[in-house]
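Take a look at the structure below.
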2 protein chains.
Amino acid sequence: MAEPEVSRAVRALWGIHDAVPRRGPKPAMSVPAIARVAVALADEEGLDAVSMASVAKRLGFTAMSLYRYVDTKDDLLQVMLDAAYGPVTLPAPEPGDGWRSAATAWARALLDRCLAHPWLVDVRMSSPPLTPHSVGWMDAGLRALGGTGLGPQQVASSLLILDGYVRSHVRLLHEYSEEGLRTWSTRLRSVIDEEATPTVWMALQADVFDDEPAEEGPWPSDDFVFGLEIVLGGIEQLVEGS
Amino acid sequence: MAEPEVSRAVRALWGIHDAVPRRGPKPAMSVPAIARVAVALADEEGLDAVSMASVAKRLGFTAMSLYRYVDTKDDLLQVMLDAAYGPVTLPAPEPGDGWRSAATAWARALLDRCLAHPWLVDVRMSSPPLTPHSVGWMDAGLRALGGTGLGPQQVASSLLILDGYVRSHVRLLHEYSEEGLRTWSTRLRSVIDEEATPTVWMALQADVFDDEPAEEGPWPSDDFVFGLEIVLGGIEQLVEGS
DNA sequence: GACAATTGCTTGCATCGTACGCAGTGAGCA
DNA sequence: TGCTCACTGCGTACGATGCAAGCAATTGTC
């Protein structure tokens with residue numbers, strides 16, 4: 001009946017340090033410093049560019065030395081995730097604002113973080129949030145949707161939907177390579193079978209998919225607001241119907 | 001000004017074969033056979049277990065021989081994806097049924113496929129759908145949501161939201177390891193700071209997160225229907241408001 | 001029967017995560 | 001002062017991975 005363990009590095013994020021070493025050389029690195037460098041690397045060159053060797057190289061050390069601070073690469077990813085999320089930053093809610101405005105603010109803030117670190121949505125986790133900042137975001141989300149008056153179970157479920165929407169949106173923006181997206185309609189036109197998929201075929205004829213990504217434009221993008229309104233509208237129906 | 005290329009294997013999926021070889025040994029494998037085996041491997045042991053070597057081994061060949069059929073591993077993944085999607089299978093729509101019932105059927109059918117091949121939602125693609133079956137699903141989705149009477153642009157956007165929801169749901173079900181999920185609340189309790197995240201803390205006290213995954217139960221699950229109703233309800237508001 | 005196209009395979013390379021063990025460091029105690 | 005030993009960063013090694021290049025065997029065409 002062993003107590004389930006939280007990794008050393010994650011415990012350190014919560015400020016829980018086991019007995020500090022009293023002898024031996026002073027550590028030359030630190031978990032936060034490693035996380036900072038790894039996050040910068042992921043921001044600049046993508047998540048695939050993050051390897052134990054590449055992170056260590058940026059710090060002027062060897063790959064193996066990182067293992068003195070982090071148990072495994074998954075552990076490093078957890079720490080990176082927490083650093084990238086960062087503390088929740090929400091505009092102070094105006095008194096009188098309803099849950100919908102709070103939920104909108106939360107989703108926008110999460111979008112902001114995810115756009116700053118697009119690799120965030122690609123990190124695969126083996127358990128729900130366990131680090132202080134990611135739990136912090138969850139906490140803020142629960143609080144925002146708590147204003148709906150729904151039961152705690154439904155609030156949690158709704159938050160999963162909303163969170164899932166924001167991540168889906170970010171994934172859509174970054175999953176496809178610039179070239180893959182630009183040449184997609186041309187390539188699809190070169191193989192598509194009008195008989196088998198007439199609806200897509202007609203949409204191609206009408207250039208429905210040929211809208212180029214807006215470099216400039218409002219923030220958040222119209223596409224994000226479009227989906228957000230759908231999700232929040234659906235939750236609103238749920239609230240009214242209960 | 002080179003024409004953007006579609007890979008050999010994907011063209012073959014559409015039935016477009018370039019000049020069949022007239023000389024030399026008969027091919028011992030085929031792209032569909034490779035895809036079948038790779039899909040089975042992914043179903044049984046997960047996407048990470050799919051390597052050129054492991055797939056080839058199951059077929060009784062060497063890793064390098066696969067490259068005679070498939071350009072790169074990404075190419076293999078595209079072919080696997082198409083095989084896993086398979087043809088769209090929707091119940092015949094009852095006359096008089098509205099778009100909402102059509103959209104529900106589409107989402108359920110997609111859920112069914114994604115649950116049969118959970119790795120489906122983890123395959124990273126570099127461009128939107130390009131293979132016959134994935135385009136087929138897109139086609140069916142556009143047709144289902146076409147009944148809303150929304151403009152083609154909004155239909156396409158709505159489909160992205162709906163598709164994103166189904167994938168998010170499947171990802172939630174399979175992202176976390178069984179152990180990671182089971183021990184999560186215990187581990188979180190061992191580190192959480194009541195002051196920093198009081199809402200999560202209270203939810204933990206109330207055992208809100210301790211519902212165990214239902215092994216038996218309705219299909220689709222209540223959780224899926226919950227989110228689906230939110231998304232479709234949001235789209236409905238959009239339809240009514242336009 | 002010579003040629004050429006096409007097969008599956010062998011070899012080799014760079015990169016990955018990480019297990020293992022060594023040498024040097026420096027605080028605490030004799 | 002010097003010994004001990006926990007602790008550091010590092011070098012080496014192993015098994016995977018995706019894939020480039022070239023080889024030998026096979027098959028159809030001339």
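All chains are named by letter (A, B, ...) in the order of the sequence lines, taking the proteins before the strands, and each is independently numbered beginning at 1.
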Query - A:Leu142 side, atom CG; A:Trp137 side, atom CH2 - distance, nearest 0.5 Å - result: 13.5 Å
Query raised in the report: To the nearest 0.5 Å, what is the distance between OG (B:Ser168) and CZ (A:Arg167)?
Result: 8.5 Å
So that I can tick it off, tell me whether [Y] and [X] are bridged by a salt bridge, with the cut-off set at under 4.0 angstrom between side-chain N and carboxylate O.
X        : Y        : answer
A:Arg124 : B:Asp122 : yes
A:Asp207 : A:Arg189 : yes
B:Asp18  : B:Arg11  : yes

Requested in this report: Could you list by number each residue of residues 27-44 of chain A showing a heavy-atom separation from DNA chain D of less than 4.0 Å, or answer none if no residue does?
Outcome: A:Pro27, A:Ala28, A:Met29
Taking atom [atom2] of [N] as reference, at what distance in whole Å does atom [atom1] of [X] sit?
X       : N      : atom1 : atom2 : answer
B:Asp48 : D:dT17 : CG    : C1'   : 12 Å
B:Tyr67 : C:dT10 : OH    : P     : 16 Å
B:Arg22 : D:dC30 : CZ    : P     : 8 Å
B:Asp74 : D:dT17 : CG    : P     : 16 Å
B:Leu66 : C:dG8  : CG    : P     : 9 Å
A:Met64 : C:dG24 : CE    : P     : 19 Å
A:Tyr69 : C:dT18 : OH    : P     : 18 Å
B:Arg23 : C:dC3  : CZ    : C1'   : 7 Å

Query raised in the report: B:Met52 near the nucleic acid: base, sugar-phosphate alone, or nothing, with a heavy-atom cut-off under 4.0 Å?
Result: sugar-phosphate
Of the nucleotides [options], which has the atom closest to the [X] side chain?
X       : options                : answer
A:Lys73 : C:dT18, D:dC19, D:dC23 : C:dT18
B:Phe61 : C:dT25, C:dA4, C:dG8   : C:dG8
A:Pro21 : D:dC10, C:dT6, D:dC7   : D:dC7

Requested in this report: Return the 5'-most residue of the pair A:Ala63, B:Thr62 with respect to DNA chain C, ranking by each residue's nearest nucleotide.
Outcome: B:Thr62
Query - Residue whose closest nucleotide on DNA chain C lies nearer the 5' end, A:Thr72 versus B:Gly60 - result: B:Gly60
Query raised in the report: Does A:Arg68 or B:Ser51 map to a spot on DNA chain D nearer the 5' end, using the closest nucleotide for each?
Result: A:Arg68
Query raised in the report: Would a line drawn from the ring center of B:Phe61 to the ring center of B:Tyr69 be shorter than 6.0 Å?
Result: no
Query raised in the report: Just by distance, do the side chain of A:Arg113 and the backbone of A:Tyr85 share a donor-acceptor pair under 3.5 Å?
Result: yes
Report task. Check whether any side-chain N or O of B:Ser65 sits under 4.0 Å from OP1 or OP2 of C:dG8, and answer yes or no. Result -> no
Query raised in the report: At under 4.0 Å, does any side-chain N or O of B:Lys26 touch on OP1 or OP2 of D:dG28?
Result: yes
